[in-house]
Amino acid sequence: MFMREKIQRKSLWGRLSTNAVALFYIYLAVNMVPSVYFALFQPLNLLGRATVFLFPLSLYVLVFSLFKNIGRTQILLFPVLFIHAFQIVLFYLFGEDVIAVDMYLNVATTNTSEITELLGSLLPSIAFVCLLYIPTIIWAILQWKRKIYLPKFFRHKAFNTGLALLIGSLLLSLGAKNNNRNDFAFTVDVYPINAYYNLNFAINKWKKVQAYPETSKDFTFQSTLTQKDDQRELFVLIVGETSRAHNWQVYGYDRPTNPLLSQQRNVVFYRDALTQSNTTHKSVSMILSDVNASNYEEIYQRKGIAQAFKEAGFTTICLSNQSENNSFIEYFTKEADIYQTIRTTDPKTRLTVNRPDEDLIPIMTNLIEKTKGNLFIVLHSYGSHFNYKERYPLAYQQFTPDNLTAVSRSQKEQLVNTYDNSILYTDHFLASTLQALQQIKTPTMVLYTSDHGEDLFDDDRALFLHSSPTPSYYQLHIPFFMWFSDSFIEEHPHQYELAQQRQAAPISTHVIFHTLLDAAAIETPYLKRAFSLVNPQFKATPRLYLNDHDLAVPYQQMNLKEEDFEQIKKLNLKK
């Protein structure tokens with residue numbers, strides 16, 4: 001009985017591997033999987049869904065009908081299968097969105113350790129991809145090797161069918177519409193055209209980033225210090241990672257994730273702060289410079305905030321718990337007089353060694369003590385970047401169980417517990433930093449912001465992580481605060497008062513450059529006082545979000561869903 005079943009299974013495999021027509025339909029099916037998903041779930045009208053399905057189907061039919069050895073054709077299309085696999089994994093993470101420009105760039109800028117930590121959470125989607133495409137590749141190799149050709153009459157029939165489908169899909173596209181934008185574009189709405197359009201966009205952008213040292217070399221902020229005093233001052237910018245306001249106690253979260261900051265004196269928390277991007281490489285690059293979503297293209301010719309302070313006579317220090325990745329973040333931080341990263345990489349495994357963020361504090365205090373004059377300091381922490389369990393010592397294992405073994409909705413409790421523990425440790429790191437600066441007895445101002453938030457299976461969409469082409473409320477709403485030492489308040493009471501008055505103002509990370517320079521009495525043509533939280537001229541402006549193609553869009557027009565607007569309304573966030 002067992003041998004008979006084995007022979008039957010073998011004969012089925014054998015029949016498929018020698019049947020060119022059957023393989024033709026198999027190749028069509030496996031290549032169409034992402035397009036079927038898009039046709040079902042993209043926010044399109046009926047004609048749009050038909051176009052999204054029929055246009056790629058016509059292309060695959062035409063390509064496979066042109067050559068008699070379709071096994072070889074499928075092998076030559078391996079890069080297409082790779083894009084399909086990437087796309088399916090992103091479906092698992094983000095739902096309906098196509099591979100974004102930022103997704104391609106994240107592959108180039110993410111270090112090996114982060115990739116390794118993330119792979120474990122993607123096992124179900126990776127298993128599906130392997131099950132779908134490995135047999136396909138094996139069949140294609142066997143067909144190519146055995147020269148199993150598609151019959152000529154079938155190829156002619158398939159070609160005519162493909163041509164008819166192509167013409168039909170083009171005609172249907174005339175009435176197609178994306179319900180969120182009220183228009184339709186092949187480069188945006190039709191897979192795989194949009195995926196390759198984004199890949200080309202990413203390649204060109206990466207080239208421009210790599211050329212940055214040359215394109216920005218002659219730039220100057222023309223900064224000058226307008227208020228000179230014998231008493232030196234310190235200005236500290238702390239950049240957090242993947243910390244969302246939704247899980248901070250001080251913003252109404254029902255867990256004690258901020259026991260220290262909630263008791264800290266002289267802290268001004270901003271309740272309605274949004275990020276300008278849900279991707280680290282774009283968000284932090286805007287935090288560390290004067291460019292914002294509305295003029296992001298100018299970033300290739302500009303230098304960063306450290307340069308602006310340096311030109312005004314400040315000694316600039318950048319300390320990082322991040323890996324270097326040849327992005328704007330690295331360029332801007334290395335413009336400082338003193339740059340140091342505490343994150344080291346094993347030369348054999350290429351894996352980085354996790355270091356707690358608080359290791360930055362003694363390095364900072366030592367440099368403050370031995371460096372004279374005014375100082376501008378950037379601390380770039382690792383915060384709550386996944387894998388959250390790796391971001392806090394055992395002493396901060398307060399929320400349990402945190403024995404996360406797989407990233408899935410079934411383990412949401414463990415996932416949220418590990419994330420909240422990372423926020424609890426961030427609270428310790430930030431409070432310890434403020435305490436260390438208070439003890440130095442030098443007028444000091446600190447500004448903290450997270451680069452973006454995070455999804456944690458919060459609702460029925462089952463979204464996880466960040467950097468999705470369409471952001472969610474949980475990725476947009478970030479913690480943001482300023483702290484003033486007692487001596488700074490004595491010297492500049494009006495700035496502290498103005499900062500307090502703007503606590504409920506709708507802001508985004510575009511205010512950081514201008515607030516810090518204005519507080520430091522630095523004059524530059526690039527300073528906008530209407531963006532400074534410590535200036536009487538401050539004016540709240542509509543918040544813009546930098547979309548995947550680097551265009552500034554009002555954040556409420558970023559394809560947000562009903563679940564997002566419910567949270568926005570609940571918290572009374574402004575436009």
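All residue numbers in this chain count up from 1 along the given sequence.
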### Query
Looking at Y37, F41, F128, which one forms a side chain to side chain contact (heavy atoms under 4.5 Å, CB included) with F91?
Y37
### Query
Side chains of Y296 and K282: does their closest heavy-atom pair fall under 4.5 Å?
yes
### Message
Looking at F219, I want to see if its CZ is surrounded by more than 12 non-hydrogen atoms of other residues, nucleotides or ligands under 6.0 Å.
### Response
yes
### Ring centre gap for F386 and F464 strictly below 6.0 Å
yes
### Query
What about H84 and Y191, are their ring centers closer than 6.0 Å?
yes
## Note on the structure
Tested for side-chain hydrogen bond (donor to acceptor under 3.5 Å, both in side chains) against D272, the lone hit among R543, H477, Q503 is R543
### Message
Do the side chains of D458 and K412 get close enough for a salt bridge, i.e. N-O under 4.0 angstrom?
### Response
no
### Message
Can you confirm whether or not the ring centre of Y545 sits under 6.0 Å from the ring centre of Y555?
### Response
no
### Query
For the rings on F154 and F24, is their centre-to-centre separation under 6.0 Å?
yes
### Message
Using ring centroids (six-membered ring only for Trp), state whether Y448 and W248 fall under 6.0 Å.
### Response
yes
### Query
Ring centres of F201 and H549 under 6.0 Å apart?
yes
### Query
If we ignore angles and hydrogens, is there a donor and acceptor under 3.5 Å between the side chains of T51 and S169?
no
## Note on the structure
Residue set satisfying salt bridge (Lys or Arg N to Asp or Glu O under 4.0 Å) with R72, at least two apart, ordered chain then number -> none
### Task
Report yes or no: is the cationic atom of K177 (NZ for Lys, CZ for Arg) under 6.0 Å from the centre of the six-membered ring of F184, at an angle within 45° of the ring normal?
no
#### Entry: R461 and E562 ion-paired at < 4.0 Å
no
